[in-house]
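All residue numbers refer to positions in the sequence shown, counting from 1. Model, not experiment: these values are computed from the prediction.
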Amino acid sequence: MPNAEEIVPYRLLAPERPFAPVVFTSAHSGRVYSTDLMAGVRLCPLSLRRSEDCFVDELFDAAPLHGAPLLAANFPRAFCDANREAWELDPAMFSEHLPDWVNTTSSRVNAGLGTIAKVVASGEPIYAVKLAFAEAERRIYTYWRPYHDTLNRLIGDIKERFGYCLVIDCHSMPSGQGKRANSRPVDFVLGDLHGSACASRVTRAAEALLTGKGYLVRRNDPYAGGYITRHYGRPAEDVHVLQIEIARALYMDEARIERLARFSFVRRQIAELVESITLQVHDLIG
């Protein structure tokens with residue numbers, strides 16, 4: 001496994017010609033499990049990987065071909081979550097008292113899924129020992145901050161050039177999420193914080209394209225948007241954020257963390273969604 005200093009916090013796939021005022025982000029598809037991050041961990045890498053949005057960065061990697069950058073984390077969500085505030089921490093995980101300014105009471109912390117997660121998606125504890133607060137600081141300054149500094153810069157550059165920016169925050173969801181009694185599983189969930197983080201025309205356009213392909217799409221249930229949606233989605237300031245959750249069962253074996261044979265098909269359909277959004281964005285929010 002690589003050493004900490006060899007891990008680049010993110011990958012930025014930039015277009016040759018940035019002609020679309022859109023940024024695609026994948027904060028949870030990081031899969032570099034370094035030796036230092038594995039210190040004190042009681043789970044195997046496969047268990048940790050089930051917390052990832054596996055392969056989502058690959059599903060959306062057509063973005064640069066359509067004039068938009070794709071920002072993807074390299075660091076795993078289980079060790080530092082870029083879709084949380086910088087300092088959402090569970091005091092029970094640490095060997096010393098946390099500073100008063102740390103957010104220890106959020107719903108994400110209470111669920112064990114703060115900036116430094118306490119549990120994996122299945123609910124199993126990650127660590128066999130308590131962490132030092134210095135380790136949380138190291139991860140946040142080494143991974144979380146560079147990711148958000150870059151996202152801020154991309155948004156600022158696009159706003160300066162076009163006057164507005166659309167962020168598409170790309171995620172995946174476990175099988176069965178949002179399934180209602182006597183209905184088929186949901187394929188996509190579009191989160192715009194119930195219309196407050198993104199122009200409704202954008203959400204409607206994405207919904208229309210996906211439903212036109214035969215997918216079952218739902219808005220804001222059970223995912224309305226995380227930190228990236230809340231923090232950056234400010235339509236009054238000409239920054240819009242739409243979170244897209246895709247059901248993992250559509251493209252991967254969730255138990256083995258492997259791509260299904262239909263992965264390439266789903267990837268092509270996502271590429272068509274990317275193309276449609278980048279072509280329509282000027283009419284949708286311009």
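- Taking 4.0 Å as the cut-off between side-chain N and carboxylate O, E135 and R138 count as a salt-bridged pair.
- In this structure F265 satisfies the ring pair (Phe, Tyr, Trp, His ring centres under 6.0 Å) test with no other residue, sequence neighbours excluded.
- Here Y141 and W87 bring their ring centres to under 6.0 angstrom of each other.
- The hydrophobic cluster containing L113 also includes V119, under a criterion of side-chain heavy atoms closer than 4.5 Å among ILVMFWY residues, counted directly or through chains of members.
- For H171, the ring pair (Phe, Tyr, Trp, His ring centres under 6.0 Å) partners at least two apart in sequence or on another chain are H28.
- For the side-chain contact (heavy atoms from CB on, under 4.5 Å) test with P21, the passing option among D238, D157, I158 is I158; the others fail.
- For the pair C198 and V241, the minimum side-chain heavy-atom distance is 4.5 Å or more.
- Checking D53 against S172 by side-chain atom types alone, a donor-acceptor pair falls below 3.5 Å.
- The side-chain heavy atoms of R77 and R84, taken from C-beta on, include a pair separated by under 4.5 Å.
- Under the rule for a side chain to side chain donor-acceptor pair (under 3.5 Å), the partners of E88 that lie at least two apart in sequence or sit in another chain are S106, R108.
- Remark: F55 pairs with no residue by the ring pair (Phe, Tyr, Trp, His ring centres under 6.0 Å) rule, at least two apart or across chains.
- Residues forming a ring pair (Phe, Tyr, Trp, His ring centres under 6.0 Å) with Y232 (at least two apart in sequence, or on another chain): H148.
- For R31, the CZ atom is densely surrounded, since the number of other residues' heavy atoms within 6.0 Å is greater than 12.
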